[in-house]
> 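Mind looking over this structure? Questions follow.
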Amino acid sequence: SSTMSFSEAEVQSARGAWEKMYVDAEDNGTAVLVRMFTEHPDTKSYFTHFKGMDSAEEMKQSDQVRGHGKKVFTAINDMVQHLDNSEAFLGIVNPLGKKHATQLKIDPKNFRIICDIILQLMEEKFGGDCKASFEKVTNEICTHLNSVYKEEGW
């Protein structure tokens, strides 16, 4: 898959935008998942232990939801640290994509859903500029995840 083309300025502004979210990784990660599960209830079916949870409040309190929210944010944070090094970036994205494609069998459209919710939350909390400077990162992540899925025969 292609190498990434982020200018130094894009890397810096994307990192600045992401930092604002990552300061509260667990809370923001949880908020993203809760919104995804609420607005796209079918996504809950992949998580056996979230299946029975119907209220957003219940999900917010769940250690498992909070733990996974933090995990998602930590993975994105690792990617953001390597936007200027496509080899290192792909070293994070590829195994993650492989695992979700082969072991977890997660429909790849869910990556776009979660990325869009992250962008929404960024805009609500920090404004449109923050969202705009992170948009290219989410596109890059989704593009690379999708190409891993293709390689795995999806």
> So, Asn77 side chain and Phe73 main chain: donor-acceptor pair closer than 3.5 Å or not?
no
> Not counting sequence neighbours, list each pair that qualifies as a salt bridge (Lys or Arg N to Asp or Glu O under 4.0 Å) and has a residue in residues 69-91.
Arg15-Asp84
> Quick check for you: to the nearest 0.5 Å, what is the distance between Met36 atom CE and Ile117 atom CD1?
6.5 Å
> Answer yes or no: does atom CG of Asp63 have more than 12 heavy-atom neighbours from other residues, nucleotides or ligands under 6.0 Å?
no
> By ring pair (Phe, Tyr, Trp, His ring centres under 6.0 Å), which residues pair with Tyr149, not counting sequence neighbours?
Phe111, Trp154
> Just checking, is any N or O donor in the side chain of Glu57 or Gln61 under 3.5 Å from an acceptor N or O on the other one?
yes
> Is Phe37 close to Met53 at the side-chain level, that is, under 4.5 Å between some pair of heavy atoms?
no
> Looking at residues at least two apart in the chain, or sitting in another chain, which of them share a side chain to side chain contact (heavy atoms under 4.5 Å, CB included) with Asp24?
Asp27, Asn28
> Does Met79 form a side-chain contact (heavy atoms from CB on, under 4.5 Å) with Val137? I'd like the steps, not just the answer.
CA-CA 9 Å; Met79 295 173 201; Val137 176; 6.0 Å; no
> Side-chain heavy atoms nearer than 4.5 Å, only ILVMFWY residues, links allowed to pass through others: does that put Ile118 and Val23 together?
no
> Do the side chains of Tyr22 and Ile76 get nearer than 4.5 Å, heavy atoms only?
no
> State whether the number of non-hydrogen atoms from other residues, nucleotides or ligands found under 6.0 Å of Lys98 atom NZ is greater than 12.
no
> Please confirm whether the backbone N or O of Asp107 pairs with a side-chain atom of Tyr46, one donor and one acceptor, at under 3.5 Å?
yes
> Please test His68 against Phe50 for ring-ring contact (aromatic ring centres under 6.0 Å, His included), starting from the C-alpha separation and ending with a verdict.
CA-CA 11 Å; His68 196 70; Phe50 306 165; 7.0 Å; no
> Could you give the distance from CE (Met59) to CG (Leu33), rounded to the nearest 0.5 Å?
10.0 Å
> Please list, chain by chain and in numerical order, all residues satisfying salt bridge (charged side-chain N to carboxylate O under 4.0 Å, His left out) with Glu26, sequence neighbours excluded.
Arg66
> Would you list the pairs meeting ring-ring contact (aromatic ring centres under 6.0 Å, His included) in which at least one residue belongs to residues 121-141, sequence neighbours left out?
Trp18-Phe134
> Looking only at atom types and distance, does a side-chain atom of Lys136 sit under 3.5 Å from a main-chain N or O of Ala14, one as donor and one as acceptor?
no
> Can you hop from Val148 to Leu96 via hydrophobic side chains spaced under 4.5 Å?
no
> Listed by chain and number, what are the salt bridge (charged side-chain N to carboxylate O under 4.0 Å, His left out) partners of Glu123, not counting sequence neighbours?
Lys131
> If only atom types and distance count, is the side chain of Lys125 paired as donor or acceptor with the main-chain N or O of Met122 below 3.5 Å?
no
> NZ of Lys60 to OG1 of Thr38: how many Å apart, nearest 0.5 Å?
8.0 Å
> Just verifying a value: how many Å separate Ile106 CD1 and Ile114 CD1, rounded to the nearest 0.5 Å?
10.0 Å
> Considering residues, nucleotides and ligands other than Asn85, do more than 12 of their heavy atoms fall under 6.0 Å from its CG?
yes
